[in-house]
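For reference, the structure is listed below as structure tokens.
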Amino acid sequence: MLTVAGDGPQREQLRQLARDLSLRNVRFVGRVPPEHMPALYDEHDVWLNGSDVDNMPTSILEAYACGLAVASTNPGGIPYIVEDGRTGRLVQCGDAEALAEAALAVIGSPPLFGDLTRNALAECVKYTWKSVQPSWMRLYSELAPSDTLLL
């Protein structure tokens with residue numbers, strides 16, 4: 001099952017493309033409220049992210065935490081959170097064929113799937129408050145005089 005979540009100006013074009021390609025088992029669910037995302041993650045094995053512009057999408061970290069393998073394009077900050085071949089698969093922006101091939105490679109190789117998901121779950125520790133709080137506090141201390149900080 002391929003689920004297309006989210007909404008935007010290309011939604012109808014994507015629906016038409018799915019029809020033109022005679023794709024089966026594709027559903028378009030539109031915008032998903034945050035409280036419904038865990039159930040959506042639970043229904044799938046691979047998270048595809050085809051962004052052309054992005055910084056640090058928390059959806060990738062959520063996918064890691066939920067045990068999904070990640071295949072993504074590489075704009076902005078994504079290469080800082082997805083290491084190709086270790087925590088996910090990365091392809092060039094705009095290369096839909098390479099993204100599909102990356103996803104199929106993950107699905108077709110249980111050892112690769114296992115390695116990626118294990119490494120990705122371990123990677124989540126870097127993004128916990130316990131891990132990032134000291135760096136944020138140090139940065140705030142450097143940027144503002146100590147008498148202006150409310151700690």
Basic-acidic side-chain contact under 4.0 Å: Glu101, Arg89
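A salt bridge is absent here (no side-chain N lies under 4.0 Å from a carboxylate O).
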Distance only, no hydrogens: is a donor on one side chain within 3.5 Å (strictly under) of an acceptor on the other, for Arg138 and Ser141?
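No, no side-chain donor-acceptor pair sits under 3.5 Å.
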Determine yes or no for a side-chain-to-main-chain donor-acceptor pair under 3.5 angstrom, with [X] supplying the side chain and [Y] the backbone.
{"X": "Thr73", "Y": "Asp52", "value": "no"}
{"X": "Thr87", "Y": "Glu83", "value": "yes"}
{"X": "Ser109", "Y": "Leu112", "value": "yes"}
{"X": "Asn74", "Y": "Leu90", "value": "no"}
{"X": "Thr117", "Y": "Gly114", "value": "yes"}

Could you tell me which non-hydrogen atom of [X] sits nearest to which non-hydrogen atom of [Y], and how far apart they are?
{"X": "Ala103", "Y": "Leu48", "value": "CB-CD2, 3.5 Å"}
{"X": "Ile60", "Y": "Ser72", "value": "CD1-OG, 4.1 Å"}
{"X": "Ala69", "Y": "Val106", "value": "CB-CG1, 3.4 Å"}
{"X": "Leu40", "Y": "Ala5", "value": "CD2-CB, 4.0 Å"}
{"X": "Pro34", "Y": "Arg31", "value": "CD-NH2, 4.0 Å"}
{"X": "Ile78", "Y": "Asp54", "value": "CD1-CB, 3.9 Å"}

Are [X] and [Y] in one and the same hydrophobic cluster, where Ile, Leu, Val, Met, Phe, Trp and Tyr link if side-chain heavy atoms are under 4.5 Å apart?
{"X": "Leu116", "Y": "Tyr41", "answer": "no"}
{"X": "Val132", "Y": "Leu143", "answer": "yes"}
{"X": "Val29", "Y": "Leu2", "answer": "no"}
{"X": "Trp129", "Y": "Leu139", "answer": "yes"}
{"X": "Met56", "Y": "Leu68", "answer": "yes"}

Roughly how far, to the nearest 0.5 Å, is [atom2] of [Y] from [atom1] of [X]?
{"X": "Thr128", "Y": "Gln133", "atom1": "OG1", "atom2": "CD", "value": "10.5 Å"}
{"X": "Met37", "Y": "Ser59", "atom1": "CE", "atom2": "OG", "value": "7.0 Å"}
{"X": "Leu121", "Y": "Glu123", "atom1": "CG", "atom2": "CD", "value": "10.5 Å"}
{"X": "Glu43", "Y": "Met1", "atom1": "CD", "atom2": "CE", "value": "8.0 Å"}
{"X": "Thr3", "Y": "Asn25", "atom1": "OG1", "atom2": "CG", "value": "9.5 Å"}
{"X": "Asp115", "Y": "Asn119", "atom1": "CG", "atom2": "CG", "value": "6.0 Å"}

In this structure, are over 12 heavy atoms from other groups packed under 6.0 Å from [X] atom [atom1]?
{"X": "Gln16", "atom1": "CD", "value": "yes"}
{"X": "Gln92", "atom1": "CD", "value": "no"}
{"X": "Trp136", "atom1": "CH2", "value": "no"}
{"X": "Gln10", "atom1": "CD", "value": "no"}

Side chains of [X] and [Y]: closer than 4.5 Å at any heavy-atom pair?
{"X": "Ile107", "Y": "Val46", "answer": "yes"}
{"X": "Val125", "Y": "Ser131", "answer": "yes"}
{"X": "Arg15", "Y": "Arg19", "answer": "yes"}

Aromatic contact between Trp47 and Tyr64, with the criterion being ring centroids under 6.0 Å apart: yes or no?
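Centroid distance Trp47-Tyr64: not below 6.0 Å, so no.
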